[in-house]
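One structure, pasted below without further comment.
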Protein chains: 2
Amino acid sequence: MPAFSMKDANFPVDDQGRTYHVECKHGDIANRVITVGDPSRAHIMAKKFDKIVFEHASHRGFLIITGIYRNVPITIVSIGMGLSMMDFFVRETRAVVDGPMNIIRFGSCGSICDAMPGNIIVADSSYGICRNYDHFTNAFKKSEPPYFIFDKISADPQLTQMLASKLKQDMGNDAIFEGSNGCADSFYSSQGRLGSHFIDENESLIQTLKKKYSDAVSLEMEAHMLYHLAATSTDGQGNPTIRASCALIVYADRTGNSFITPDAAEVAVASCTKAIFDTLVEDNFKGSELHPDEGSVWEAAISEPTKTAQPQEQPEAQDEE
Amino acid sequence: MPAFSMKDANFPVDDQGRTYHVECKHGDIANRVITVGDPSRAHIMAKKFDKIVFEHASHRGFLIITGIYRNVPITIVSIGMGLSMMDFFVRETRAVVDGPMNIIRFGSCGSICDAMPGNIIVADSSYGICRNYDHFTNAFKKSEPPYFIFDKISADPQLTQMLASKLKQDMGNDAIFEGSNGCADSFYSSQGRLGSHFIDENESLIQTLKKKYSDAVSLEMEAHMLYHLAATSTDGQGNPTIRASCALIVYADRTGNSFITPDAAEVAVASCTKAIFDTLVEDNFKGSELHPDEGSVWEAAISEPTKTAQPQEQPEAQDEE
C-alpha cells in the first residue's frame with residue numbers, strides 16, 4: 001500500500017515531497033552516499049558514524065541512515081537487490097539532493113578471477129548482462145544470442161583510485177582486486193549458474209564474458225545500472241551530476257565453488273567501512289555548491305558548514321591522478 | 001550478510017536446504033502460490049486464511065506466509081520490486097516444491113487504458129521493456145532504439161479466465177479490465193515517466209508501446225519475468241512445470257495523472273483476495289501428484305490429503321474453457 005497519499009502519477013510524492021518508494025525528501029540525503037544491498041550491512045557501517053542523525057525504513061524495502069563522520073554528513077541507503085532497485089534509489093535520491101552526488105556502492109559479488117571469499121573487488125567498470133527473452137520463446141529469434149552483453153561503463157576514475165588505494169592501505173594489497181564487473185539481471189541464469197528447472201542455455205556464458213572482457217573479475221546485479229545512470233545524469237547543460245564507484249565483497253568463489261561464512265562477511269564489512277567513508281569525505285567535489293545544511297537532517301549536528309568541511313585541501317589540478 | 005552458512009556457490013543452500021535469498025526449504029511452499037510486491041499486502045491477504053501455518057521474513061526482503069484455505073495449503077510470498085526479485089522468487093521456490101506450481105501475481109500497476117485507480121487489470125499476456133543502455137552511451141549504437149520491447153508471453157489461459165470471471169463476480173464487470181501488460185525494468189524511464197535529471201529519450205515510449213500492442217493496458221515491473229519463467233520451466237521432458245496469471249490493482253492513472261489513496265488500495269486488496277484464493281483452490285492441476293503433505297508446514301493443519309482436496313470436482317474435458 002502507499003504509506004502516504006501521493007500526488008502526480010508521473011513522479012509520485014506525498015505532501016511533504018517524500019518520494020514514493022525510497023521515501024526520501026529534500027534534506028534527508030547528503031551529497032555523499034553509500035549504497036548497499038543488505039540492511040544489516042547498512043547497520044554495521046553506521047556504527048562507524050560519529051553520530052546518526054536520521055534513520056528511515058520505507059514501506060518498499062529501502063533503509064536510509066544519514067550520519068556524521070569527520071564533521072561531514074554521509075548517507076547510507078540499503079536498496080535490496082537488482083538493477084531496478086538501483087534505478088529507484090538513484091532516481092529518487094537524485095530528485096531530492098541539490099548539487100553533485102558521489103555514490104559508492106558497497107555490495108557483494110561472485111568472483112570469476114583469483115579473488116577468494118572475503119577479498120574485495122573494486123569495479124573500475126561494469127557491463128550489463130540481460131536475458132534475451134525472445135531467443136527462448138520465439139523460433140524466429142533463435143539465432144540471436146540468449147544473453148545480451150552490454151558495453152562497459154567506467155566508474156569515476158578519481159573516486160575509484162582513491163577507494164582502491166585506501167582499501168589496500170587498510171586490508172593489504174593482496175586482498176584487493178580491480179577489474180570489470182558483470183551486472184546481471186538474474187543471480188542464476190545470467191550469471192552462468194546451472195540448473196535443471198528452467199531452459200537457460202547458459203553453460204558457456206562465463207567463458208563468453210571472459211572472452212569479450214579480458215579484465216572480467218566479478219558478477220553481481222546492480223553496478224552497471226549505477227554507472228549507467230551516473231553517465232546519463234545531466235544538469236541540463238550536458239554535464240553529469242553523479243560520480244560513482246564500487247567495492248564488492250567476494251561472497252561466492254565461482255571457480256572453486258566456495259561461499260563466505262556469516263562471520264567473514266561481517267569482518268569484511270567492518271574492514272572496508274573506514275576506507276569508503278574517508279574516500280567520500282576527502283573527495284572535494286571540485287568546489288561545487290553542495291546541498292544546503294539549512295533544513296537538513298544534519299543541520300544541528302555539524303560544527304561548520306558542510307561545503308567547506310573537507311579536512312584535506314587538495315590542489316586544483318591533480319594531473320597525477 | 002548471509003543469515004546462515006551456505007554451501008555450493010552454484011545454488012547456495014544452508015545445511016537444512018534453505019535457499020539463500022528467499023530462505024525457503026522443502027515443505028515450506030505449497031503448489032499454489034500468490035506473489036505480491038508489498039509485504040503489507042501479504043499480511044492483509046493472509047487474514048483470509050482459515051489458519052496461518054508458517055511465516056518467515058528473509059534477510060533479503062522476502063516474506064513467506066503459508067496458510068490453509070478451504071482445507072488446501074496456499075503460500076503467499078512478498079518479493080519486493082523488479083524483474084530480478086521475481087527471478088529470485090520463482091527459481092528458489094521452484095527448487096523446493098515437488099510437482100506442478102500455479103502462481104498468481106497480485107500486484108500494482110499504472111493504467112494506460114480506461115481503468116482508474118482501484119480498478120483491477122487481469123494481464124492475459126505481458127511483454128518486457130528494457131533500457132538499451134548502449135544506445136545512450138555508445139555513439140555507434142545511436143541508431144538502435146533506446147528501449148527494447150520484447151514479445152508478448154501469454155498467461156495460462158485457464159487460470160486467467162477463472163481469475164477474471166471470479167473477480168468480475170465479486171467486484172462487478174466494470175471494475176475488471178483485461179489486456180496485455182508492459183513489464184519495465186524501471187518505474188521511471190522505461191515506463192515513459194518524464195524527468196529532467198537523466199537522459200531518457202522516452203517522450204514517445206507509451207505511444208510506441210500502444211502502437212506495437214493494441215491491447216496494451218498497464219505498466220508494471222514483474223509480470224513478464226513471471227510469464228517468461230513459466231514458459232521456460234521444464235520437467236526435463238519438454239513440459240513446463242509452472243502456470244501463471246496476474247491481477248494488478250491500478251495505483252496510477254497515467255492518462256489522467258491521478259494516484260490511488262492508501263484506503264482505496266486496502267479496499268482493493270480485501271476485495272480481490274477471495275477470488276484469487278478460490279481460483280487457486282479450484283484449479284485441479286489436471287490430477288498431477290502434488291507436494292507431499294508429510295514433513296510440510298501444513299501437514300498437521302489439513303484434515304485430508306491435499307492432492308484430493310479440490311472441493312469441486314471438475315470434468316476432465318473442459319473444451320468450453
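Numbered from 1 within each chain, the chains take letters A, B, ... in sequence-line order.
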- Query: How about A/His59 and B/Pro39: do any of their side-chain heavy atoms sit closer than 4.5 Å?
  - Reply: no
- Query: chain B heavy atoms under 4.5 Å from A/Ser233: which part of the residue, side chain, backbone, both or neither?
  - Reply: both
- In sequence, state the C-alpha distance, the side-chain angles, and the governing distance for B/Thr232 and A/Arg131, and then conclude on side chain to side chain contact (heavy atoms under 4.5 Å, CB included). CA-CA 12 Å; B/Thr232 55; A/Arg131 190 169 174 101; 3.6 Å; yes
- Take A/Asn132 and B/Phe150 through the test side chain to side chain contact (heavy atoms under 4.5 Å, CB included) and record every step on the way to the result. CA-CA 8 Å; A/Asn132 177 5; B/Phe150 291 101; 3.7 Å; yes
- Counting heavy-atom pairs under 4.5 angstrom with chain B, the leader among A/His197, A/Arg94, A/Lys141 is A/His197
- Item | Minimal non-hydrogen separation, B/Asn10 against A/Asn257, with atom names | N-OD1, 3.2 Å
- Pick from B/Phe88, B/Tyr133, B/Phe187, B/Phe11: which one has the most heavy-atom pairs with chain A under 4.5 Å? B/Tyr133
- Message: As an exercise, state the distance from CG of A/Leu229 to OH of B/Tyr188, rounded to the nearest 0.5 Å.
- Response: 12.0 Å
- Hey, which of A/Asp235, A/Asp253, A/Ile153, A/Leu194 has the most heavy atom pairs under 4.5 Å with chain B? A/Leu194
- Query: Which one, B/Asp134, B/Asp87, B/Thr234, B/Val90, leads in non-hydrogen pairs under 4.5 Å with chain A?
  - Reply: B/Asp134
- Scored by heavy-atom pairs under 4.5 Å with chain A, the best of B/Ala252, B/Ser189, B/Pro117 is B/Ser189
- Task: Counting only heavy atoms closer than 4.5 Å, note whether B/Tyr127 contacts chain A via side chain, backbone, both or neither.
- Result: neither
- Toward chain B, the part of A/Phe140 with a non-hydrogen atom under 4.5 Å: neither
- Message: Can you confirm whether A/Phe198 sits close enough to B/His228 that some side-chain heavy atom of one is under 4.5 Å from a side-chain heavy atom of the other?
- Response: no
- Task: Just do the side chain to side chain contact (heavy atoms under 4.5 Å, CB included) check on B/Met85 and A/Ser84 with the steps written out, would you?
- Result: CA-CA 9 Å; B/Met85 294 298 275; A/Ser84 300; over 6 Å; no
- For chain B, which of A/Met86, A/Glu92, A/Gln191 has the most heavy-atom pairs under 4.5 Å? A/Glu92
- Determine the interplanar angle of the A/Tyr20 and B/Phe259 rings, folded into 0 to 90°, and report it as parallel if under 30°, tilted if 30 to 60°, perpendicular if over 60°. perpendicular
- Query: Would a 4.5 Å heavy-atom cut-off, applied to side chains only, mark B/Arg91 and A/Ser186 as touching?
  - Reply: yes
- Item | Close side-chain approach of B/Arg60 to A/Met81, heavy-atom, < 4.5 Å | yes
- Note on the structure: Nearest heavy-atom contact between A/Cys130 and B/Cys130 is SG-SG, 3.8 Å
